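Below: one structure, written as C-alpha cells.
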Amino acid sequence: MKELPKAYEPKNYEDKIYKKWEDSGLFNPDVCVKKGVTEKKAPSFSMALPPPNVTGTLHMGHAAMLAIQDVMARYHRMKGDKTLWVPGTDHAAIATQTKVEKLLVAKGLKNPRQELGREKFLEEVKKFAQQSHDTIVNQCKKMGSSLDWSREAFTLDEQRNLAVRTIFKMMYDDGLIYRGYRIVNWCPHCLSTLADDEVEYKEQTAKIYTFKYGKDFPIAISTTRPETKLGDTALAVNPKDKRYKKYIGQVFDVKKFAGGPDLKIKVVASDEVDMNFGTGALGVTPAHSLVDYEMAQKNKLPIIKIIGEDGKITGDASKNYEGLTAKEARRKVVEYLQQNNLMEKEEEAPNNLSVCYRCGTPIEPLPSQQWFIYVNKPIKARGKKSLKQLMQAAVKNKKIEIIPERFNKTYFHWIDNLRDWCISRQIWYGHQIPVWYCLSCAELDSLGVKQVTGETVVPRSEKLVPIVSIDAPETCPKCDSQSIFQDPDTLDTWFSSGLWTFSTLGWPNKSEDLENYHPTSVMETGYDILFFWVARMILMTTYALGEIPFEKVYLHGLVRDEQGRKMSKSLGNVIDPLDMIAKYGTDATRLSLLVGNTPGNDMKLSEEKIVGFRNFTNKLWNISRFMLLNIDEPKMDILAPNPKTNADKWILAKCQIVIESVKNYIDRYQFSSAGEELRRFTWDELADWYLEAAKVEGEKSQVLNFILNTLLKLWHPYMPFVTEAIWQEMYGPVAILMVESWPKALDEFYGQDYGDMVNFEFIAYIVSEIRMLKMEKGIEPAKKIGALLNVGNKEKLLRGNEEIIKALARLEKLEFVKSGAEVALDLAGAVDTTKEKARLEKEIQELKKYTVGLENKLANKEFVKNAPKEVVEKEQDKLNEVKSKLEKLQQQFENLK
RNA sequence: GGAUGAUUAGCUCAGCUGGUUAGAGCGUUGCGUUCACAUCGCAAAGGCCACUGGUUCAAGUCCAGUAUCAUCCACCA
C-alpha cells in the first residue's frame with residue numbers, strides 16, 4: 001500500500017528525473033550495452049536530431065520535433081534496440097551573423113563588421129552562438145529528450161570542419177566543384193550570395209514603364225527596372241511576331257541612353273518572349289537577370305555589369321550614373337525618358353519582388369565569381385550518375401521512404417528544376433572555403449594589386465589559381481612562395497548540415513559509430529526544410545558514402561496558432577514551450593503536440609488543448625494512485641496473473657489488444673493514433689469500468705500490479721516524466737522505467753476466446769442501460785431504486801456479477817426474472833411513462849429503418865453474388881441481431897401500456 | 001502559370017488497402033460532492049462527410065470536374 005499525493009505536480013519531479021536519466025548514462029547506447037540493458041547484438045535504431053539554429057531559442061515547432069523523435073527513441077530503447085539519438089546545433093551562417101549584426105547595431109555600432117574586423121566580429125558571433133546553444137540544450141532537456149549528450153555535435157566544430165574540408169576536396173578532385181563567373185542572387189544587405197531557394201518572393205504592385213531606348217529606335221520595351229537598361233545589349237522578340245520579324249538580326253546604336261552610356265542593341269529572336277505582354281519586346285540585360293543571361297549565352301551577347309555588389313551603379317559602363325543606388329538611378333532614368341518624350345506608358349501592375357529570406361532586402365541578380373557544385377555532371381566513382389540522378393534514385397528505388405508519401409512528388413519536382421548549387425558566401429561566420437591562392441603565381445598587376453601587405457584585399461579574380469587542400473598549406477606547391485592566402489569566402493550553411501548524419505558519427509574517420517549507426521533509421525523534420533536540408537543530405541551522403549543517409553523521412557507539419565496563423569513575434573501569438581512546461585508540465589505539452597494531428601499537415605495549437613492533456617496527466621496519476629492503494633506490494637517483474645472474474649478476463653484481454661495496437665501504430669509512424677488508443681484504453685476501459693468493478697470485487701493486487709506496470713510502460717514514450725515518477729514511487733529511486741522492456745502481447749488472454757471479453761461487456765451494457773433508463777425517467781443517478789433483469793440465457797453471468805451491477809448502476813435491489821423486457825426499473829408508480837414511450841418509439845422507428853435497409857441489401861441478388869461471403873454473413877448476422885432487439889423494444893413498449 | 005493539401009458535429013481534427021446505424025477531444029445541455037481524481041463522474045443533444053457527375057453489389061473512402069481556402073514551385077520582362 002503506497003499513497004501518492006492527490007495531484008501530480010510536474011515541477012516536483014521533472015528536473016530531478018531528467019538529471020537521474022542523464023547521470024545514469026543510459027541515453028548512450030554503449031552504456032546500455034555495458035549495463036546489460038541492451039543486448040550487444042541487438043539491432044540498432046539511430047536518429048540525428050535536426051540541429052536547431054543557434055540564433056535564439058526553441059519554439060513549438062522544435063518542441064513537436066523533439067517530442068516525436070523522443071517517442072521513437074524511447075520506444076525503440078525499451079524494445080531492446082541499440083538506440084542512438086545524436087544531438088547538436090547548427091551554426092546557421094547567414095542567419096546567425098545577421099542576428100548578431102542587428103544586436104551590435106542595437107548596441108550602438110554603425111557598421112559592426114567594418115568597425116570590428118573579421119576576428120573580433122567572429123568572437124562576438126561565437127559568444128552569441130554559445131549562449132544560444134546553452135539555452136537550446138537546456139530546452140531540449142526540459143522537453144525530456146533522451147539525447148545522447150556525450151555525442152553532441154555542432155555544424156561548425158572541429159570534427160565537422162574536418163568533414164567539410166574533406167568532402168570539399170573530394171568533390172573538387174572529382175570535378176564536381178568549380179569556380180565560375182555566373183549570375184548569382186546577391187543580397188546587397190548581407191553582402192553575400194544566396195542559393196536559389198534562399199530567395200523569397202513578395203507580392204507587390206510595381207510600376208511598369210514602357211519606353212524606347214532612343215528617338216530613332218523602332219521598338220518600345222516594357223520594364224519594371226529601367227535602371228538596369230543601362231546594361232542592355234539586346235532586345236528579344238518572338239520569332240513569330242509579324243511586327244518585329246524584319247528587325248531580327250539588326251543591331252542598333254543607341255547614343256547616350258538616358259544621358260548615360262552608349263548601347264549596342266541587337267534584336268534577337270526567342271520563343272520565350274510573350275507577344276501579348278507589353279509591347280511584345282523584351283530588353284535584354286544579361287548581367288542582371290537570369291533569363292536574360294541565358295538568352296545572352298545562346299546568342300553570344302556581351303554581358304555588361306552595371307550594378308555592383310554594393311547595390312550601386314558601377315563606373316565601368318555607366319557614365320553619369322556611377323555611384324548612384326539602383327533606386328536613384330531609376331529615378332534619373334525615368335526622368336530623362338519623360339523629359340525626352342521617350343516614355344510611352346507608366347502603369348501599375350502586380351509583380352513579385354525577390355527578397356532575401358533572412359533580411360527581406362530585394363535581391364540583386366548580378367554576375368560574380370563564385371564556387372558552384374555541378375548537379376548534372378556524371379560522377380565516375382558513382383557509376384557515372386550525376387548528383388541529381390543519385391538524389392532521384394535514392395527515393396525512386398524506395399531506399400528512402402518519405403512519410404507522407406505525397407512529398408515524393410514535391411521532391412522529384414524540385415530536383416528536376418535544380419540548377420548548379422552556389423556554395424560560396426561572402427559572410428564571415430561559417431566554414432571558410434579550403435582553398436588557397438598564391439600571390440606569387442598570379443600576376444598581381446593585372447589584379448590591380450600593387451603591394452601585398454597583411455591587410456591587402458585581393459579582388460576576386462579567375463586569374464588566381466586555386467590550391468584546394470584539406471589542411472592549410474604553408475607554401476605554394478607550385479612556386480614554394482609563402483605569400484599564399486585563403487579564400488575569404490565561407491560555405492553555404494547547408495553544405496555542412498548536409499553531412500549531418502555521417503559527420504556526427506565521426507566521418508571521415510572510419511569510426512565504429514559510423515559502422516553501427518549509419519545509415520540512420522529515421523530523419524524526422526519539418527516539411528519546410530525538405531529542399532533546404534533533407535535533399536542536400538541525400539545529395540551529400542549518396543555522393544560521399546555511396547549510401548543513403550536515412551531509411552525513412554518523417555515530415556511533420558508546422559505548429560500554428562489557434563487561428564491557423566504562423567507563430568511570430570511580430571504577431572505576438574507565440575506560445576513558448578517553456579511557459580507551457582512551467583504551467584502544465586512537459587508531458588502535457590508533449591501530448592498536445594503528439595496527439596490530434598497527422599504527418600505533413602500543419603497543426604493548430606491552443607493553450608486549451610494543453611490544459612486538456614494536463615488534465616489527462618493528472619488522471620493517469622490518480623488512476624495509478626488508486627491502483628497503488630489496492631496493490632499489496634508492487635512487483636516490478638510480475639507475471640501476468642490468472643484472471644478470476646469476468647472483469648479480470650476482460651481487462652487483461654483489452655490490455656493485450658492495446659499493447660498490440662500501440663505497437664502497430666508506432667511501427668507505422670501513426671503516433672497520434674497510438675496515443676489516442678492508449679488514452680481510450682486508460683480512461684474509457686480501465687478507469688471507467690475496470691477500476692469501478694475492482695472497487696466492488698476487491699482483492700485485485702496482482703492484476704492491478706500487472707496492468708499498472710504495463711500501462712506505465714506503454715505511456716512512457718509519450719509521457720516520460722509522470723510515468724517515471726510513478727515508477728519510482730513504486731519501485732524506489734534506483735529503478736528506471738526508461739530502460740524497462742516493452743510489453744509483449746500475450747496470446748492466452750485473448751487469442752482463443754473472445755467470449756470472456758464479451759461477457760463483461762454485456763455487464764457493462766446492462767449497467768449503461770439501467771443508468772440510461774434512470775436518466776430518462778428523471779431519477780437522480782444517486783437515488784437507489786430496484787430493478788428487474790430478464791436473465792434470458794445469461795443467468796449465470798448476470799448472477800455472478802450482481803454486486804457489480806448493483807454498485808455501478810446504483811441499485812438497492814436487483815431481481816432476476818425470466819420474462820418481460822431485458823431491463824425494467826422498479827419504479828414504484830408515479831413516473832412519467834409518456835416520456836419513456838416517446839423515447840422507445842423513436843428508437844423503434846430508427847431500428848425499423850435500419851432493418852429495412854439491411855433487408856433490401858440482402859434481397860439484392862447482385863450483392864449476394866458479388867460481395868465476399870464474410871460480408872454477406874455479417875450483414876445477415878446484423879439483421880438477426882437488430883430484429884431481436886427490435887422485438888424486445890416493442891415488448892417493452894407494449895408493457896408500458 | 002504548374003503542383004500539392006484541406007473541405008467530415010459549434011470548434012480542433014481522426015477515419016490506413018471501399019463493406020458496423022460515420023468517430024474522438026474540446027465546447028454545449030441536463031443531473032451529480034459514490035471513500036483515485038471537480039484537473040472528476042453519469043447521461044444527452046449535435047453530421048444530405050464542400051458541390052456535380054462517374055465506377056461498383058457497396059463510396060466519407062476510388063475516378064473526373066467545379067468551388068472555396070491554404071501551402072509550395074516557377075516567374076512575364
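Throughout, protein chains are lettered first and strands after them, A, B, ... in sequence-line order, and every chain is numbered starting at 1. The model shown is predicted, which means the values in this text are computed figures rather than measured ones. The figures that follow rest on heavy atoms only: side chains count, while hydrogens, waters and symmetry mates do not.
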Using the side-chain heavy atoms of [X], tell me which of these nucleotides is nearest: [options].
X: A/F531; options: B/C76, B/U39, B/C73; answer: B/C73
X: A/H413; options: B/U39, B/U20, B/C73; answer: B/C73
X: A/Y201; options: B/U4, B/A74, B/C57; answer: B/A74
X: A/K409; options: B/G19, B/A3, B/U20; answer: B/A3
X: A/T410; options: B/C72, B/U20, B/U71; answer: B/C72

d([atom1], [X]; [atom2], [N]) in whole Å:
X: A/K784; N: B/C42; atom1: NZ; atom2: P; result: 17 Å
X: A/E843; N: B/A45; atom1: CD; atom2: P; result: 10 Å
X: A/K857; N: B/U56; atom1: NZ; atom2: C1'; result: 13 Å

Checklist entry - Within a strict 4.5 Å, meaning less than it, do heavy atoms of the A/Y584 and A/F613 side chains meet? => result no

Checklist entry - Can you list the stems that RNA chain B is part of, where a stem is at least 3 pairs in a row, each Watson-Crick or G-U, with both distances below 3.5 Å? => result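 Listed by first number, the stems are B:1-7 with B:67-73, B:10-13 with B:23-26, B:28-32 with B:40-44, B:50-54 with B:62-66.
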
Item to check | Interatomic distance, A/T279 atom OG1 to A/K345 atom NZ [nearest 0.5 angstrom] | outcome: 8.5 Å

Checklist entry - Could you give the distance from CE (A/M627) to OG (A/S701), rounded to the nearest 0.5 Å? => result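 Answer rounded to 0.5 Å: 10.5 Å.
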
Checklist entry - What integer number of Å spans the P atoms of B/C72 and B/A59? => result 37 Å

Item to check | Euclidean distance for C1', B/G27 against B/U12 (whole angstrom) | outcome: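 Here B/G27 and B/U12 have their C1' atoms 11 Å from each other.
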
Checklist outcome for this item: By nearest-nucleotide position on RNA chain B, the 5'-leaning member of A/N860 and A/K874 is A/K874

Next on the checklist: Between the base of B/C75 and the side chain of A/N352, is there a donor and acceptor pair under 3.5 angstrom?
Outcome noted: yes

Next on the checklist: Strictly distance-based, threshold 3.5 Å: is any side-chain N or O of A/N351 a donor or acceptor partner for the main-chain N or O of A/T205?
Outcome noted: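 No.
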
Item to check | Short side-chain N/O contact from A/N866 to OP1 or OP2 of B/C57, under 4.0 Å | outcome: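 Affirmative; the distance criterion is met.
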
Next on the checklist: If we count only N and O atoms by modelled type, under 3.5 Å, do the side chains of A/T285 and A/K229 hold a donor and an acceptor together?
Outcome noted: yes

Checklist entry - Nucleotide by nucleotide, 5' to 3', does protein get under 4.0 Å of the base (B), only the sugar-phosphate (S), or neither (-) in nucleotides 31-38 of chain B, counting heavy atoms? => result S--B-BB-

Next on the checklist: Please encode protein proximity along nucleotides 5-16 of chain B as a string of B, S and -, counting only heavy-atom distances under 4.0 Å.
Outcome noted: S------SSSSB

